[in-house]
Each structure stands twice: as structure tokens, then as C-alpha cells.
Amino acid sequence: MAIREIVKKGDPVLGKMCHPVTKFDEKLADLLDDLKQTLAEANGLGLAAPQVGILRRAVIVINERGEMLELVNPEILEQSGEQDGLEGCLSVPGMWGYVKRPDWVKVRAQDRKGDWFEVEGRDITARCFCHELSHLDGHLFTELCEKLYTSEELDAMVEEQEEGQ
Ligand SMILES: [Zn+2]
């Protein structure tokens with residue numbers, strides 16, 4: 001296992017469509033292990049293969065129980081509801097924005113052996129599934145928010161709200 005470098009916004013690799021995974025081999029297992037280790041080190045909630053420069057449809061999502069889910073060739077089968085909340089990305093460090101996402105999603109994906117399974121996510125996990133899957137189609141959350149905030153700006157907003165109460 002190895003920690004890979006996370007590519008940042010502005011790198012063309014983040015705007016590309018990822019290819020389906022067709023070989024469920026040692027190389028895929030290494031990629032998934034590296035994604036997990038890189039995500040743990042970066043202290044994030046999700047990481048997609050293009051974020052380490054690999055144009056393959058594979059992501060890791062940490063669910064609300066703290067489990068790391070490996071999703072290969074994932075697709076959203078069903079979704080419902082809506083939530084509006086702050087979102088960030090390891091490829092867009094230090095910036096956050098409000099993004100509307102479904103409140104619940106059901107995802108179908110393959111595991112590292114190629115077996116299909118289904119998984120559901122609510123709240124932050126639903127948000128995380130949507131965020132990571134959109135990386136596979138070359139999209140960043142920043143395309144979906146009107147404004148980006150730094151952590152200082154967010155702190156100032158919270159203070160203002162508290163003063164107004
Ligand atoms: Zn991201």
C-alpha cells in the first residue's frame with residue numbers, strides 16, 4: 001500500500017470521463033488499497049480514482065458507521081428527497097460551498113472481485129456518494145455552488161449569525 005498524491009483543481013485529469021473497470025486483478029486491488037490509505041491520511045470522507053490521477057471508475061466512501069466502502073463501476077439506481085449543505089473536496093483544499101443533493105440514494109456497484117452489490121446512503125453518506133460518483137464523470141462540486149467560501153469566511157458567517165441572535 002502507498003499514499004498517492006491527490007491532484008488539485010486545475011489539473012485536466014479531474015475534468016475527464018473515467019473508463020469502466022474491466023479487469024478485477026491485483027492492479028485494481030492495489031488501487032483500492034492505495035485510495036483507502038490516501039483517504040485515511042487526508043482525513044476525508046471520500047476519494048475517487050481520478051483524484052489520484054487514475055481515470056478508472058472506482059471510489060471509496062466512508063459511511064456514517066465509519067466503514068470504508070469500495071465501489072467499482074458505481075451507478076445511482078434510485079434517489080429521493082433534497083438536502084442543501086456545505087461540501088468540500090480534497091482536490092479543492094480550503095474551500096467550501098453549498099450544494100443541493102438528494103437526501104437518499106441507492107447505489108449499485110461491483111466489489112474488487114467483480115461481484116455486484118447494492119448499498120443505500122442517507123444524509124452525509126448520500127451526499128458523499130453523489131460527490132464521489134460525479135468525479136467519475138469529470139465534475140467537481142464547485143460547478144454546483146454559487147459561491148465558494150474559505151474557512152475564515154465560514155467562521156465569520158457563523159459569528160455574524162450568533163451576534164444577530
Ligand atoms: Zn471531491
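What you see below is based on every heavy atom in this structure, not just the backbone, and it leaves out hydrogens, waters and symmetry mates. Just follow the structure's listing: the first ligand is 1, and inside any ligand the first atom is 1.
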Lys106/Glu118 salt bridge by N-O under 4.0 Å criterion: yes

Ile6 backbone acceptor or donor facing Lys8 side chain under 3.5 Å: yes

Cut-off under 2.8 Å, centre the Zn ion (ligand 1), protein N/O/S atoms: Cys89 SG, His131 NE2, His135 NE2

Any pair counted as side-chain hydrogen bond (donor to acceptor under 3.5 Å, both in side chains), so long as it reaches residues 125-134, sequence neighbours left out: Glu64-Thr125, Glu87-Arg127, Glu87-His131, His131-His135

ring-ring contact (aromatic ring centres under 6.0 Å, His included) contacts in which one or both residues fall within residues 54-106, not counting sequence neighbours: none

Ionic contact status for Asp30 with Arg112, cut-off 4.0 Å: no

Of all residues at least two apart in sequence or in a different chain, which pass the side-chain hydrogen bond (donor to acceptor under 3.5 Å, both in side chains) check with Asp11? none

